[in-house]
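Scope of the values below: all heavy atoms of this structure, side chains included, with no hydrogens, waters or symmetry mates. Indexing begins at 1, ligand by ligand and atom by atom, following the structure's order.
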Amino acid sequence: MKAKMKRNKILLIHGPNLHLLGTREPQIYGKFTLKDINEELKEKAKQSGLSLEVLQSNSEGEIVEKITNSKYDLLIINPAAYTHTSVAIRDAILAVNKPVIEVHLSNIYKREDFRKKSLISDISIGVITGFGPASYTLAFSAAAHFLKKVL
Ligand code: DQA
């Protein structure tokens with residue numbers, strides 16, 4: 001009998017206001033929608049034999065609950081505005097001790113000073129910032145590479 005291989009699971013979290021992609025400040029964030037991003041990553045997951053769960057939430061508490069109550073091998077997160085403020089999300093990530101990749105559509109270091117500080121970067125494997133929707137594709141490839149090497 002063939003043993004069934006467990007597929008590695010990636011949890012992808014999009015923080016506040018990212019549900020508005022497509023219409024939100026298109027000069028900064030572009031014209032594609034969150035659905036476009038999620039569909040591309042779901043396709044990539046299928047191709048790479050990984051499982052993917054996606055959450056978009058505008059609520060810090062819901063994000064903390066998802067990070068701490070779900071089963072997954074690696075977290076890809078665009079914490080959006082919470083990047084710069086949320087000790088709660090930082091603490092949730094530290095509590096579960098899972099590998100994390102931080103993602104931003106815009107280059108947070110090229111924008112207002114308050115965006116240059118991330119509470120997540122120093123506890124992440126790495127940060128991908130400034131490539132628009134390709135930031136997510138790059139993050140997914142980095143995640144697949146990391147999981148292959150580590151797990
Ligand atoms: C963002 C950058 C954050 O500063 C901002 O609050 C966002 C989106 C990005 O993807 O570029 O909502 O995380």
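For ligand 1 and His84, the ligand atoms under 4.0 Å from any heavy atom of the residue are 3 (C), 4 (O). Listed by number with element, the atoms of ligand 1 under 4.0 Å from a non-hydrogen atom of Ser106 are 2 (C), 9 (C), 11 (O). Every atom of ligand 1 is numbered from 1 in the order shown, and the set under 4.0 Å from a heavy atom of Arg24 is 7 (C), 12 (O).
At the shortest separation from atom 1 (C) of ligand 1 among protein heavy atoms lies His104 ND1, 3.7 Å. In terms of protein heavy-atom proximity, atom 9 (C) of ligand 1 is nearest to Leu105 N, 3.4 Å. Annotation: atom 7 (C) of ligand 1 to nearest protein heavy atom, Tyr29 OH, 3.5 Å.
By the criterion of a heavy-atom distance under 4.0 Å, the side chain of Arg115, and not its backbone, is placed next to ligand 1. With a 4.0 Å cut-off on non-hydrogen atoms, Glu112 does not touch ligand 1 at all. Neither the backbone nor the side chain of Ile28 has a heavy atom within less than 4.0 Å of ligand 1.
Salt bridge status for Lys31 with Asp36: absent, with no side-chain N to carboxylate O gap under 4.0 Å.
In this structure, Ile89 CD1 and Ile13 CD1 are separated by 8.0 Å, a value rounded to the nearest 0.5 Å. Separating the OG atom in Ser135 from the CD1 atom in Ile76 is a distance of 11.0 Å, to the nearest 0.5 Å. Rounding to the nearest 0.5 angstrom, the gap separating the CG atom in Leu20 from the OG1 atom in Thr33 is 11.5 Å.
Under a 4.0 Å heavy-atom criterion, Asn78 is in contact with ligand 1.
By the 6.0 Å contact criterion, NZ on Lys46 is open, its count of non-hydrogen atoms from other residues, nucleotides or ligands being 12 or less. Sparse packing is recorded around CZ of Phe131, with 12 or fewer heavy atoms of other residues, nucleotides or ligands lying under 6.0 Å away.
Using modelled atom types and a 3.5 Å distance limit, the side chains of Thr83 and Glu102 yield no donor-acceptor pair.
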